[in-house]
Structures are given as C-alpha cells and as structure tokens.
Amino acid sequence: MSKRVAVIDLGSNSARMAIFERTSRLGFFILREYKVKVRLGEGAYEKGGVLQDEAMSNVLNAFREFKYFLNIYRVSKILCTGTSALRDAPNSNTFINLVKRELGFNLRVISGDMEAFYGGIAALNLLSPLDEATTIDIGGGSTELAKISNGRIVDLISLDVGTVRLKELFFDKDDIDGALRFTQDIINKIPPHFASRDLIAIGGSLRAISSSIMQLQNHQIRLVHNFTYKYSDYANLISKIATDKELDLKSIAIKKDRFDTIRQGAMIFSNAAKILKAKTIYTSGVGIREGVFLVNLLGPNLKSKDLIKMPQEHKIAFPKGFNPSLRSIQDRFAKRDNSTTTRHAKALFEVLAPLHKLKPSYLNELIVASKLYNIGRSIGFYSENAHSGYLVKNALNYGYTHQQKALIAAMIEYQGKAINTLGENLLPDIDTLRWLSFLLGLAGALSLSPNISFDFFSNTLYIKGAKNFFMLKDEIRKLIKPAIFAISFE
C-alpha cells in the first residue's frame, strides 16, 4: 500500500480531504486535513436534485486546491467519494466525467448504506471499544445509521434528511414547524432494533455540539474525538440549539462557520436520540474518510461489488491488541526500544499489588505509558517528560478514552515526582496516580538492564541484578515513594 493516501469526501455541504501517512504496515496518522464549504447541494433540493452550475464550479475549484496539496505532499494514491447530493442528482454522471476530464480524479458515488458502513467501520476501529452501539452520521443531504452488535456491524440505514436539505426546504423559509414535522416523519422510520443506550455521533454538526459542551465543562482535553457525555444532561441544550436564532448561538460556544447548518443538525439529532433511546453519546472525530482508508488498508482484497451488496457481512478490523495510534507514535518518536521498561513495569505492578491495591485494569494504562514514557526525547532533552505527555494527549487519538489519555500523560509527566494536587478532573484519585507514576519512574530507571527480577516481602522490595548500577540507584533514590516501604538491591 502507498505510504501516503488521500481520501476526498464530497458531501452536500463540504468537500473534505484527509491525507493519511503510514508509518509501518498498520500504523498511521493523519498528516493533513482540508475542508472547503462548496455547497454542492445548494439549489438542488427544490429542483429535482439537479446540481447547479455554480455549485459544480465551487467543487472544481476546491478540487484544484486539493490537487495542489496532493502534489506538495507527494500523495501517491487518491480515493475520491461522493455522497447524498451526487446520489440524488440526475446530472451526476455529467459532473463526474467533468471532474475526471479536468482533474483526473475518479469520483465514485457511494450508496447510503455504504456511507453508513464506512462511518461504522471507522468508529469500530478507532473509538474506544464498544460491543453494542449505533452510529449516527448527519450530513448535508442525508443521515446514516449503523447498528453495532457484538463488535460487528449488523444493519445499516440511510435517511433522506440532512442539514442542507432542511435548510433549503424549510429554514430558509422560516418554516421551523414544517422542518420539525418533516424530520419527525423520517426519523420515525428508523427500525426499533437500531435503538441503543450508546450512540456514536459522527459528522460536523454533532462534533460542533460536542465541542460546545466541552467548553461549557471546561474539559481539559480539547480534541473532540472520543469525548462522551450523558444525553439527558444536555438534551435541553440540543433542543434549544435546534430552534435558536443564529445570533443566539454565540452564547453557547457554537463556532461561527457552523451557524448556517447547526440548528438543522441539532433538530435531526434531538429527534433521533429520543427514538433511539440513547443514554450516552460518544463523539467520533472519524467518519467516512477514515472508513474508506481503513477498508483500503485492512481489506484490500475485498471487491467493491461485495461491499456494496452486503457490507455488514465483512469484518474489517486490526489484529487483536493492536492500536494504530500507539504504533504510529512509536514509529515516529521512540528513539529506543522500551520493551525492557514495559517488562519491568508489568512485573513491578504485579509484585507490589499487595501494597498498592490498584485495580488490575490500570495495568493496561501503565503498559502504554511504559512504551511512550520517553518519546519527548525526539523534541529535546529539556522538559522531556512534558513533551512526552503533550504528544500523548494530542497524538494518542484512536482507541483510548479521554480519561485514559489524561492518565497516561500524567504518569509520564510525573514519573515518581511529588504530586500535591490534581489539575484535571479526568484523572483518578491522587493516590492512584502517585502509585502509577512511581511504578513507571522505577521501571524507567531500571531499564538500564534487562536482567533484573523482583520480590516483595517484609515490606521490602528486593531488586535483584542491579547491585552494581550506581547511576540507576541514584535515580531510584530521587523517586517519591507513595507508601512507606524499603527498597533493597541484591
């Protein structure tokens, strides 16, 4: 597979392009993202879906800009998809041929079910694990849902209701009641088995709502991907967004570039969340672009016709235990093999369990921290731990909750230093953090030698095989122990 792959997603409202860079066989990160509000569906919904000349011209200009960046970054593979506006347009083939002739892009129109499938695949692989959930992706012309059960996509549905469609048909005519009736009639068609207490929110409107809630909470991690909230806590706010005047949206931290479509998105979401009986909302920063990329990465031998016929039958997933963000960070920033540190961290967690009494689940975060604890060296020696923590918070994006990211970063930043207060509400209690940071700091100090073993009895940790490592001993003496016990070298 190519090292750099671009996915272009042409929707009814915006054209977006993501450039993915592979760092190893399955490790990757997003190198760049671009978005242009092209309004492909503008003027079409009242004219039988026919794409208007000005809208098509906007897309061509946006694609020319995309091509400029594709050349700069030397992207060798381009995957270009079109969704609702192209599906609805009787003149879509004319436009597709124009794009091919002028720019060389092979623009492929995907069905509503395929759009739902790509969003579901992205969520399944790049959010923290959810065995049972329903994705909802609200776009400009349509809304897609994927039902997830036992970690697999089991059903898909596409609904002809979207933000631009509502805007043109109702909001522009100040017919809010008509928009509400239209939305409710379509949302009521969702089959009952799509109901789920966990709802995965995909799409720009829903990310904007989550971003607003994050600001209201003064949430410490600013990346919206994997942010969660209880729907009942914000149901009234979301309903208010749906019916507010544009000028009122500023007071609830809605970004200006979302003013024209956020109310429609909130109206669709509010109605859908009720009928789906949602309790917890998981915000997905990934969607169709990541889904297209993952199918290309993980299922290159799957034929398009098979995916189109029964996409839910195909399980596209990373190997068990593999995380692409973790692998990508290691590929890019790790200056040494940290396997010795990881081995020591696991052994220390287990041997000191009678003393620290931590939940066994914390071992997972400790192991991840042990693999990344020194990645800040790629930036420089000074403030190495702070650099490492920053990289974790901002690059360990896929598969980890905000709470896990905050904890892993805090462990790395402290690494056995004194912790007097907690500055983040995402962290566990202070004693838990003290223990985990100490264990990481101790494992890191002991990484000088792989031939070390541990024992604990009589309130003493016996470290065997490090007696003659003087620098190591000095490092360990600097660590702040979270409890009263002795350390002996043998």
Side-chain angles (χ1 to χ4, degrees), residues 1-38 40 56 58-86 92 95-110 114-115 117-123 125-126 137 139-140 202-204 207 223 225 284-304 307 316 318 324-325 327-329 331-332 395 397-398:
M1 184 179 176
S2 305
K3 181 178 181 181
R4 288 180 181 166
V5 176
V7 179
I8 297 174
D9 166 25
L10 177 58
S12 301
N13 194 38
S14 301
R16 299 172 184 264
M17 180 173 74
I19 299 176
F20 298 86
E21 179 166 324
R22 293 174 64 224
T23 58
S24 53
R25 190 171 74 86
L26 295 178
F28 70 89
F29 68 103
I30 293 180
L31 179 64
R32 293 292 296 167
E33 272 196 338
Y34 302 93
K35 172 190 170 184
V36 182
K37 198 167 280 190
V38 293
L40 180 60
M56 291 189 286
N58 289 341
V59 174
L60 286 173
N61 289 332
F63 279 9
R64 287 189 184 98
E65 292 183 49
F66 287 171
K67 193 165 186 177
Y68 170 80
F69 290 109
L70 291 169
N71 291 331
I72 285 179
Y73 289 105
R74 299 178 182 176
V75 175
S76 53
K77 188 166 189 175
I78 305 164
L79 305 170
C80 194
T81 62
T83 54
S84 176
L86 283 179
S92 62
F95 178 65
I96 290 168
N97 292 333
L98 182 62
V99 170
K100 175 66 175 178
R101 184 170 63 251
E102 298 232 352
L103 297 165
F105 291 169
N106 291 312
L107 179 56
R108 177 171 63 99
V109 182
I110 59 173
M114 280 306 302
E115 191 174 352
F117 173 71
Y118 285 131
I121 283 296
N125 282 282
L126 302 178
D137 184 354
I202 304 174
R207 286 194 292 270
L223 297 176
H225 182 65
S284 176
V286 299
I288 183 172
R289 293 175 298 286
E290 288 79 7
V292 170
F293 173 77
L294 289 175
V295 169
N296 187 254
L297 178 70
L298 301 173
N301 296 322
L302 288 175
K303 296 180 180 179
S304 297
L307 285 173
I316 295 172
F318 289 100
S325 275
R327 179 71 264 167
S328 173
I329 293 174
D331 292 338
R332 287 180 285 159
N397 295 327
Y398 301 141

**Complete:** For Ser325 and Ala395, the nearest pair of non-hydrogen atoms, with its separation, is OG-O, 3.7 Å

**Prompt:** Any donor-acceptor pair under 3.5 Å linking the side chain of Thr83 with the backbone of Val109?
**Reply:** no

**Asked** Any side-chain heavy atom of Ile316 sitting closer than 4.5 Å to one from Leu297?
**Response** no

**Asked** How about Asn106 and Lys100: does a side-chain donor come under 3.5 Å of a side-chain acceptor?
**Response** yes

**Request:** Hey, could you give me the CD/CG distance between Glu115 and Asp9, rounded to the nearest 0.5 Å?
**Result:** 7.0 Å

**Pairwise side-chain contact, Met56 with Leu60, heavy-atom cut-off 4.5 Å (strictly under)** = no

**Heavy-atom pair of closest approach, residues Ile96 and Leu107** = CG2-O, 3.6 Å

**side-chain contact (heavy atoms from CB on, under 4.5 Å) evaluation trace for Asn296 with Val292** = CA-CA 6 Å; Asn296 187 254; Val292 170; 5.7 Å; no

**Side-chain donor or acceptor of Arg289 paired with backbone N/O of Arg16 under 3.5 Å** = no

**Asked** Does any non-hydrogen side-chain atom of Ile30 lie less than 4.5 Å from one of Glu290?
**Response** yes

**Message:** Would you say that His225 contacts Ser284 through its side chain, given a criterion of any heavy-atom pair below 4.5 Å between the two side chains?
**Reply:** yes

**Message:** So which atom in Gly287 and which in Ala122 form the shortest heavy-atom distance, rounded to 0.1 Å?
**Reply:** O-CB, 3.4 Å

**Asked** Can you name the closest pair of heavy atoms from Asp331 and Thr23 and give their distance?
**Response** OD2-OG1, 2.7 Å

**Item:** Test item: Leu126 and Pro324 side chains (from C-beta on) under 4.5 Å apart, heavy atoms
**Value:** yes

**Message:** Rounded to the nearest 0.5 Å, what separates atom CG in Asp137 from atom CD1 in Ile288?
**Reply:** 7.5 Å

**Prompt:** Does the Ser12 side chain pair with the main chain of Gly140, one donor and one acceptor, at a distance under 3.5 Å?
**Reply:** no

**Request:** Decide yes or no for Asn125 and Phe318: does some side-chain heavy atom of the first lie under 4.5 Å from some side-chain heavy atom of the second?
**Result:** yes

**Fill in**
Sorted by chain and residue number, the ring-ring contact (aromatic ring centres under 6.0 Å, His included) partners of Phe29 (sequence neighbours excluded) come out as none

**Message:** Is there a side-chain contact (heavy atoms from CB on, under 4.5 Å) between Phe66 and Ile78? Walk through the geometry before answering.
**Reply:** CA-CA 11 Å; Phe66 287 171; Ile78 305 164; over 6 Å; no

**Request:** Classify the ring geometry between Tyr34 and Phe69 as parallel (under 30°), tilted (30 to 60°) or perpendicular (over 60°).
**Result:** parallel

**Item:** Where Ser92 and Leu86 come nearest, the two heavy atoms and their spacing
**Value:** CB-O, 3.3 Å

**Message:** Would you say that Phe105 contacts Leu70 through its side chain, given a criterion of any heavy-atom pair below 4.5 Å between the two side chains?
**Reply:** yes

**Complete:** Minimal heavy-atom distance between Arg327 and Ser24, with the atoms involved, is CG-OG, 3.4 Å

**Asked** Taking atom OG1 of Thr81 and atom CD1 of Ile110, what is their separation to the nearest 0.5 Å?
**Response** 5.0 Å

**Request:** Evaluate the side-chain proximity of Leu10 to Phe63: yes if any heavy-atom separation is below 4.5 Å, no if none is.
**Result:** yes

**Item:** Spacing of Leu294 atom CG and Leu26 atom CG [to the nearest 0.5 Å]
**Value:** 10.0 Å

**Request:** Just do the side-chain contact (heavy atoms from CB on, under 4.5 Å) check on Arg64 and Glu102 with the steps written out, would you?
**Result:** CA-CA 9 Å; Arg64 287 189 184 98; Glu102 298 232 352; 2.6 Å; yes

**OH on Tyr73 to NZ on Lys3, rounded to 0.5 Å** = 13.5 Å

